[in-house]
Amino acid sequence: MRKKLIVGNWKMHFDTHRASLYLHELTRTVKAHRDVEVVLCPNFLALQSLSLQVDHSKFKLGAQNCYWRDEGAYTGEVSATMLRGVVTHVIVGHSERRHVFGETDREVRHKTQAVLRNGLTPIVCIGETASERSANETHDVIQGQLTAALANVTSEEISRVVVSYEPVWAISSGTDYQNHPVASPAEVGRLARQIRSIVKSLYGKAAADSLRVLYGGSSNTDNAAGYLEVKGIDGLLVGGASLNAVEFVRIVETAARQAGKQQETVDG
Ligand code: PGA
């Protein structure tokens with residue numbers, strides 16, 4: 001059974017002090033669940049100190065981005081090599097990287113490779129914009145972005161890749177996550193099937209069956225269960241709601257409940 005994965009993307013929120021206090025609060029309130037992996041992604045600056053504070057039985061740490069060269073004259077960048085030993089996961093190709101910072105499919109491919117080369121897990125984000133959606137281009141966009149990101153990933157490496165389907169139009173800009181449009185669970189389920197079938201055509205059935213596919217876009221306590229009960233959606237990449245301990249803890253609990261139900265079906 002694929003383990004559920006809940007990723008908290010704190011984006012550019014919380015300075016180092018606040019991040020530390022917040023992690024303390026989460027550590028107090030989040031229970032460790034055998035069937036749920038929880039990855040927290042603070043800003044680069046906070047990562048180092050949080051890596052010393054984090055309770056590894058409850059959380060893993062992830063970076064929100066990285067550069068694809070291992071070292072060199074690249075002012076302002078942080079490489080996957082530098083993240084080794086600090087994080088286990090790196091978000092790659094988040095829509096804000098693509099659309100605010102102009103990151104291309106080629107860069108996403110290089111970054112995915114760099115993360116894997118450095119022994120870390122890439123969480124590769126793909127998703128269509130509102131206009132691509134209204135032009136019925138969602139499937140082509142997903143196909144294009146995913147094949148580009150995986151272009152140099154070997155059949156051994158694919159088992160470490162996580163894919164997050166994140167329709168750009170559904171991603172909140174912070175605190176509006178509760179009233180923001182979201183993709184329906186059925187729609188996300190369809191896209192998760194498409195993602196798995198692309199991976200199947202590239203790497204075979206076993207790779208597709210073990211691939212974890214997440215949804216990201218204004219997920220919160222009210223809608224989390226709806227996604228997590230869809231077969232083929234293995235977790236959530238949570239932005240706005242991950243900044244609120246009460247919300248985030250509930251989402252983790254929802255994932256644990258769902259994992260428990262699925263385990264009963266497997267056992268039963
Ligand atoms: P959101 O962010 O939950 O605030 O929409 C999701 C994301 O970071 O992809």
Side-chain angles (χ1 to χ4, degrees), residues 4-14 19 22 26 37-44 46-47 59-66 87 89-101 103 108 111-112 115 121-130 132-133 138 141-142 145-146 149 161-185 187-188 191-192 195 212-228 230 233-255:
K4 295 269 181 265
L5 174 57
I6 302 295
V7 182
N9 177 13
W10 297 357
K11 307 195 180 185
M12 204 175 72
H13 294 283
F14 298 156
Y22 187 58
L26 288 182
E37 207 172 349
V38 181
V39 177
L40 304 175
C41 302
N43 68 69
F44 278 136
L47 265 178
F59 307 110
K60 290 183 172 163
L61 290 178
Q64 298 173 16
N65 180 33
C66 71
V87 304
H89 292 67
V90 183
I91 298 174
V92 176
H94 188 276
S95 80
E96 284 144 23
R97 299 297 320 165
R98 293 179 190 262
H99 298 286
V100 183
F101 300 99
E103 208 164 283
V108 175
K111 289 182 179 192
T112 304
V115 172
T121 298
I123 302 171
V124 178
C125 301
I126 53 176
E128 81 287 2
T129 61
E132 288 164 341
R133 182 174 193 240
T138 302
V141 171
I142 296 306
Q145 290 182 346
L146 188 58
V161 174
V162 173
V163 177
S164 190
Y165 169 58
E166 314 223 333
V168 180
W169 50 271
I171 296 177
S172 78
S173 55
T175 47
D176 65 340
Y177 63 87
Q178 260 144 342
N179 303 309
H180 204 78
V182 293
S184 73
E187 204 172 344
V188 181
L191 267 305
I195 290 166
R212 284 194 291 179
V213 180
L214 314 182
Y215 168 70
S218 302
S219 51
N220 60 45
T221 43
D222 296 333
N223 60 31
Y227 295 116
L228 293 168
V230 174
I233 305 178
D234 305 304
L236 297 167
L237 196 156
V238 188
S242 76
L243 302 172
N244 176 319
V246 175
E247 282 268 332
F248 192 66
V249 169
R250 284 196 194 140
I251 293 172
V252 173
E253 296 297 322
T254 304

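Counting starts at 1 for both ligands and their atoms, following the listed order. Everything numeric in this text was worked out from a predicted model, so none of it was measured.
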Note to self: One thing to verify: whether E187 and R133 come together as a salt bridge, which I'm taking to mean a side-chain N less than 4.0 angstrom from a carboxylate O.
What the structure shows: yes
Check: Are the side chain of R98 and the backbone N or O of C125 linked by a donor-acceptor pair below 3.5 Å?
Finding: yes
Item checked: Donor-acceptor contact below 3.5 Å, side chain D234 vs main chain V213 -> yes
Next item on the list: Just need the protein heavy atom nearest to atom 7 (C) of ligand 1, so name the residue and atom and give the distance.
Entry: H94 NE2, 3.2 Å
Note to self: Under 4.0 Å from a heavy atom of G240: which atoms of ligand 1 are those, numbered in the order shown and with their elements?
What the structure shows: 1 (P), 3 (O), 4 (O)
Notebook entry, point to check: Is there a nitrogen or oxygen of Y177 sitting under 3.5 Å from a nitrogen or oxygen of ligand 1?
Noted result: no
Checklist line | Numbering as shown, the atoms of ligand 1 that approach L237 to under 4.0 Å (heavy-atom distance) | finding: 6 (C), 7 (C), 8 (O), 9 (O)
Next item on the list: Do me a favour and list the nearest non-hydrogen protein atom to atom 3 (O) of ligand 1 with residue, atom name and distance?
Entry: G239 N, 2.8 Å
Margin query: Is any side-chain heavy atom of N43 closer than 4.5 Å to one of W10?
Written below: no
Next item on the list: State the CG-OH distance between L214 and Y165, to the nearest 0.5 angstrom.
Entry: 13.5 Å
Next item on the list: Examine V238 against ligand 1 and note whether any of their N/O atoms are separated by less than 3.5 Å.
Entry: no
Checklist line | Part of N9 with heavy atoms under 4.0 Å of ligand 1, whether side chain, backbone, both or neither | finding: side chain
Next item on the list: Check whether any side-chain heavy atom of N65 sits under 4.5 Å from a side-chain heavy atom of K111, and report yes or no.
Entry: yes
Next item on the list: Hey, could you give me the CG/CZ distance between L26 and F59, rounded to the nearest 0.5 Å?
Entry: 5.0 Å
Notebook entry, point to check: Within a strict 4.5 Å, meaning less than it, do heavy atoms of the I91 and R97 side chains meet?
Noted result: no
Check: Would you say K11 touches ligand 1, if touching means a heavy atom closer than 4.0 Å?
Finding: yes
Note to self: Heavy atoms only: which of P167, S218, S164, C41 lies closest to atom 5 (O) of ligand 1?
What the structure shows: S218
Notebook entry, point to check: Of all the non-hydrogen atoms in the protein, which one sits nearest to atom 4 (O) of ligand 1, and at what distance?
Noted result: S172 OG, 2.5 Å
Next item on the list: Please report which non-hydrogen protein atom sits nearest to atom 9 (O) of ligand 1, along with the residue it belongs to and the distance in Å to one decimal place.
Entry: E166 OE1, 2.4 Å
